[in-house]
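When a ligand or atom number is given, it counts from 1 through the structure's own listing order.
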Amino acid sequence: MKITQIEAIPFAIPYRKPLKFASGEVHVADHVLVRVHTDEGIVGTAEAPPRPYTYGETQESIVAVIDKLFAPQLIGLSAWERETMHARMDRTVGNPTAKAAIDMAVWDVIGQAAQVSVSELLGGWSDRMKVSHMVGFAPPEEMVSEAERIRDTYGITTFKVKVGRQPYTLDVEACRALRASLGDDVRLYIDGNRGWSASDSARALREMDDLGLDFAEELCPADDVLGRRWLVSQSKIPFVADESAPTPADVTRELLAGSATAISIKTARTGFTNSTRVLNQCEAMGVEVVIGNQIDGQIGTLCAVAFGAAHRATTRRAGELSNFLDMADDLLAEPLVIEGGTLRVREGSGLGLDIDQEKLERYRLDR
Ligand code: MUC
Ligand code: MG
C-alpha cells in the first residue's frame with residue numbers, strides 16, 4: 001500500500017467566540033487539512049493548526065513544508081514504513097504540527113487498512129474521555145458565566161483557566177470568582193502561557209493556595225531557567241510543561257532540569273507516534289500527564305480523544321477537548337457531541353472521520 005499523494009489544503013472557519021490567552025488570540029481556525037492518499041484508494045485525514053506564537057508555523061508555512069519537502073520525501077513509501085517517514089521528515093527541523101498531521105493521517109490509513117479503530121490500535125483502554133473546558137481571558141464575571149453555561153449545557157465540570165495577565169491579581173480574582181460560583185464540585189487548574197514572571201507566579205500561587213487548584217501550567221517561561229526551577233521547586237501542585245516540551249527530548253530536558261513535574265500531551269504537535277513516546281517516557285519516570293488542546297477543530301479533537309481514550313494514564317484526568325465548541329462551523333459530516341461531560345471515540349475503522357465535501361469547498365482557501 002504505497003503513498004501516492006499528500007494534500008495540504010488551507011481552510012478558514014471563524015470562531016463565534018475568540019479565545020484569548022497570554023501568548024496570543026485565536027479568531028479564525030486557519031488550519032490545514034492533510035490528506036494522505038494510497039494506491040489502494042484508502043485516504044487518511046488529519047488537520048494541522050498553525051500556532052506562530054508557540055511553534056513559529058503559519059498556515060502558509062505548513063502548506064509549503066508539506067508540498068515542497070515532506071510530500072516529495074514520502075510519496076512512494078509504503079504506508080507501513082513509519083520509522084522511515086519520521087526519519088525523512090526529521091531531516092527538517094521544527095514544523096511540529098505539519099509532521100504530526102501527516103503522522104496521524106498515516107495512522108488513519110493503517111487503521112482503515114486493518115479495519116480497526118486507531119484508538120484500539122493505540123491501546124484500546126476506553127471508548128471515551130471526560131472533557132475539560134478552557135476559559136479564556138475576559139472580565140471575571142464573563143469567565144464565570146461562560147463556565148456556568150458550559151457546565152449546564154455539556155455537563156463539563158473541569159475547567160482550565162487562562163492566566164498570565166498583568167497585574168496577576170486580575171487572574172487571582174477571576175479564579176476566586178470561578179471557585180466561589182462553581183463550588184467545590186468542579187476541578188480547576190491554570191495555564192499562564194508564559195505570561196508572568198517567576199516571582200509573580202509564586203505570589204499568585206500563594207494567594208490561590210486555598211482554591212484547591214489541580215495543577216499549574218507554563219506560568220512563566222522555561223527560558224527563565226533558574227527562575228522557573230525556583231518556582232517549580234516550591235510549587236505545592238504539579239507544574240505542567242506544555243509549549244516548553246513539544247518534543248520527547250524537550251520533555252526529558254524539562255523534567256530532568258526540574259522545570260516541570262507533569263507534561264501536557266498534544267497530538268496536534270506530536271501526532272500519535274511521538275505522543276506515544278512522550279507518554280511512555282512519562283509513565284516510566286512516574287510523571288503525570290494531561291491531554292492538552294492546540295485549539296483544535298473537530299478533526300484535531302477526534303485525534304486527541306482517540307489517543308487520550310486509548311491509554312490508562314491519559315484517562316486519569318479530563319482531556320482538553322472542547323475548544324471546537326466556539327467555532328462557527330467545522331468540516332466533519334457528523335459533528336462531535338459532548339454529553340454528560342464526556343466525548344466518545346468514533347466507532348469504525350481508522351479515525352472514523354468523514355469530511356463534508358460541500359463544507360470543504362466553502363471554507364477552503366486554495367480555490
Ligand atoms: C494551551 O494549553 O496553551 C494556547 C496556546 C497554545 O499553544 O495552545 C493553547 C492552549
Ligand atoms: Mg498550555
- Message: Can you tell me if Arg51 contacts ligand 1 (heavy atom of the residue under 4.0 Å from the ligand)?
- Response: no

- So which protein N/O/S atoms does the Mg ion (ligand 2) have within less than 2.8 Å? Asp191 OD2, Glu217 OE2, Asp242 OD2

- What protein heavy atom sits nearest atom 1 (C) of ligand 1, and how far off is it? Lys162 NZ, 3.0 Å

- Message: Assess, by modelled atom type and distance only, whether the side chains of Glu207 and Tyr168 contain a donor and an acceptor separated by less than 3.5 Å.
- Response: yes

- Just checking, is any N or O donor in the side chain of Glu347 or Ser117 under 3.5 Å from an acceptor N or O on the other one? no

- Are Tyr154 and Ser322 close enough that some pair of their side-chain heavy atoms sits under 4.5 Å apart? no

- Item | N or O contact, Asp191 vs ligand 1, cut-off under 3.5 Å | yes

- Task: May I ask you to list the atoms of ligand 1 that are less than 4.0 angstrom from any heavy atom of Ile295?
- Result: 4 (C), 9 (C)

- Message: Geometry only, no angles: is Glu217 polar-contacting ligand 1 at N/O separations under 3.5 Å?
- Response: yes

- Strictly under 6.0 Å, is that where the ring centroids of Phe324 and Tyr15 end up? no

- Query: Which protein heavy atom lies closest to atom 5 (C) of ligand 1, and at what distance to 0.1 Å?
  - Reply: Phe21 CE1, 3.4 Å

- Note on the structure: Note: Glu218, heavy atoms under 4.0 Å from ligand 1, region reported as neither

- Query: Is there a donor in the side chain of Ser199 and an acceptor in the side chain of Trp230, or the other way round, less than 3.5 Å apart?
  - Reply: no

- Query: Under the salt bridge (charged side-chain N to carboxylate O under 4.0 Å, His left out) criterion, do Arg176 and Asp210 qualify, and how do the steps go?
  - Reply: CA-CA 9 Å; Arg176 200 162 281 294; Asp210 60 325; 3.0 Å; yes

- Any luck finding a side-chain donor-acceptor pair between Lys266 and Asn293 under 3.5 Å? no

- Query: How about Asn274 and Arg277: does a side-chain donor come under 3.5 Å of a side-chain acceptor?
  - Reply: yes

- SB check Lys160 Glu217 (cutoff 4.0 Å): yes

- Message: Considering non-hydrogen atoms of the protein only, which is the closest contact for atom 2 (O) of ligand 1, and what is the distance?
- Response: Lys160 NZ, 2.7 Å

- Judging by distance only, is a nitrogen or oxygen of Glu243 under 3.5 angstrom from one on ligand 1? no

- Message: Checking side chain to side chain contact (heavy atoms under 4.5 Å, CB included) between His133 and each of Leu321, Thr157, Ile156, which is the one that passes?
- Response: Ile156

- Message: At under 4.0 Å between heavy atoms, is it the side chain or the backbone of Asp242 that contacts ligand 1, or both, or neither?
- Response: side chain

- Task: Go through ligand 1 atom by atom and flag the ones less than 4.0 Å from a non-hydrogen atom of Thr54.
- Result: 5 (C), 6 (C), 7 (O)

- Task: Please report which non-hydrogen protein atom sits nearest to atom 6 (C) of ligand 1, along with the residue it belongs to and the distance in Å to one decimal place.
- Result: Gln294 NE2, 3.1 Å

- Message: Within the 3.5 Å criterion, strictly below it, is a donor on Thr301 or Asp296 matched to an acceptor on the partner's side chain?
- Response: no

- Number the atoms of ligand 1 from 1 as they appear, then name those within less than 4.0 Å of a heavy atom of Lys266, with their elements. 1 (C), 2 (O), 3 (O), 6 (C), 7 (O), 8 (O), 9 (C), 10 (C)

- State whether a side-chain donor-acceptor pair under 3.5 Å links Gln59 with His31. no

- Query: Touching ligand 1 at all, Met134? Heavy atoms, strictly under 4.0 Å?
  - Reply: yes

- Item | Under 3.5 Å side-chain donor-acceptor pair for Gln294 and Thr97 | no

- Message: Using heavy-atom distances only, which candidate in Val240, Asn193, Asp296, Val290 approaches atom 3 (O) of ligand 1 most closely?
- Response: Asn193

- Message: Looking only at side-chain N and O atoms, does Thr270 offer a donor or acceptor that is under 3.5 Å from a partner on Ser275?
- Response: yes

- Where ligand 1 meets Asn293 - atom numbers and elements under 4.0 angstrom, heavy-atom basis: 8 (O), 9 (C), 10 (C)

